[in-house]
Number of protein chains: 2
Amino acid sequence: MRTMNKSQIKLISTLERVGGFASAQELYQLLRRDGDGIGLTTVYRALQSLLDDKIVDVLRREDGEALYRLCGEAHHHHLVCRSCGTTVEIEGSSVERWAEAVAKEHYFREVGHTVELFGLCSKC
Amino acid sequence: MRTMNKSQIKLISTLERVGGFASAQELYQLLRRDGDGIGLTTVYRALQSLLDDKIVDVLRREDGEALYRLCGEAHHHHLVCRSCGTTVEIEGSSVERWAEAVAKEHYFREVGHTVELFGLCSKC
DNA sequence: CCAAAAATGAAAATGGTTGTCATTAACATT
DNA sequence: AATGTTAATGACAACCATTTTCATTTTTGG
Ligand SMILES: [Zn+2]
Ligand SMILES: [Zn+2]
Ligand SMILES: [Zn+2]
Ligand SMILES: [Zn+2]
């Protein structure tokens, strides 16, 4: 059984508090604001370990910054406003089925996917 | 009618030569290797203009680096082997329709999408 | 030809991420 | 408690793609 250190636990509960995606820098700020003396390096290291253990998921913002979230929340995707950042969670069973069909068609196994939509919300 | 400068034209023909995705740095190297004295800054600027004019498309490598390609090649996505890197180009009209429907449902405009599949190919 | 505008490239700045390394915390053994 | 061993930590520097700055050059239109 993989063991888990203090920093990783802090990161997990911060991610729970956030309830969605957050960048390493944001998580760092949140912890510091709570008086935690954690270092940025440790935040990156803990996130990497959690990634390796498949406890968190990563995706890329349009500007390339990495965003992390807890796995285990129901699988879903996002529709993000390019201008104000507003994010709508979306589910798409048709996409899930499509992805699986494509994987099978090409004899790929263990296929995951990245599906994110970016646009301008009604206010922007 | 939008005008197009020398650098933009160079970038377009380099992208044609490449025939797929390439990063700004790679395009810069290619041009320099051909004896062109173009600056990296100009490459980035030209790519940005081409993006604005929707002449090129951008997507992100898993490490966050931006990759550019000419639009006009048929829009498609990728199924990539996590282990050996083998890439299969896939098209998915059902995904395209789904994305548009989601966008409309939430009153988003100018919605683009990122759809990439990652798995293990039959050989791996 | 000439002035105004656009384009250019060198260099510096930015910002997210990773590497280095000396210090510290945790833990097991005597 | 004292010791040694190993994992974890954080300050700091390094990295690298991208952006900004700014002085200079090229293009353009009259
Ligand atoms: Zn918005
Ligand atoms: Zn999905
Ligand atoms: Zn493979
Ligand atoms: Zn598509």
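Order of the sequence lines sets the chain letters (A, B, ...), proteins ahead of strands, with each chain counted from 1. For the numbers below, each heavy atom of this structure counts, side chains included, while hydrogens, waters and symmetry mates do not.
For R32(B), the side-chain hydrogen bond (donor to acceptor under 3.5 Å, both in side chains) criterion is met by no residue, not counting sequence neighbours. Partners of Q25(B) according to the side-chain hydrogen bond (donor to acceptor under 3.5 Å, both in side chains) rule, which considers only residues two or more places apart in sequence or in another chain, are Y44(B). Not counting sequence neighbours, N5(A) has no partner by the side-chain hydrogen bond (donor to acceptor under 3.5 Å, both in side chains) test.
Using a 4.5 Å heavy-atom cutoff, the side chains of I12(B) and V56(B) are not in contact. Taking the side chain as every heavy atom from C-beta outward, L31(A) and L11(A) approach each other to under 4.5 Å. Looking at F108(B) and L117(A), their side chains never come closer than 4.5 Å, going by heavy atoms from C-beta outward. L59(B) places a side-chain heavy atom less than 4.5 Å from the side chain of E116(B). Side-chain atoms of Y68(A) and V18(A), non-hydrogen and from C-beta on, never get closer than 4.5 Å to each other.
Taking the six-membered ring where tryptophan is involved, the planes of H113(A) and H77(A) are tilted, since the angle between them lies from 30° to 60°.
As a whole-Å value, the separation of M4(A) CE from dA7(D) P is 17 Å. To the nearest angstrom, C1' of dG10(D) lies 11 Å from NZ of K10(A).
The side-chain hydrogen bond (donor to acceptor under 3.5 Å, both in side chains) test with D34(B) singles out one residue from Q29(B), R17(B), K10(B), and that residue is R17(B).
Residue S7(A) has a polar side-chain atom (N or O) positioned under 4.0 Å from OP1 or OP2 of dT9(D).
Residues from residues 13-39 of chain B with heavy atoms under 4.0 angstrom of DNA chain C, sorted by number: G37(B), I38(B), G39(B).
When the nearest nucleotides of DNA chain C are assigned to N5(B) and A66(A) by heavy-atom distance, the more 5′-ward of the two goes with N5(B).
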Checklist outcome for this item: In 5'-to-3' order, the base (B), backbone-only (S) or no-contact (-) status of each nucleotide in nucleotides 19-30 of chain D, using a 4.0 angstrom heavy-atom cut-off, is BB------S---

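Interface limits on DNA chain C: the 5'-most and 3'-most nucleotides within less than 4.0 Å of chain A heavy atoms are dG16(C) to dA26(C).
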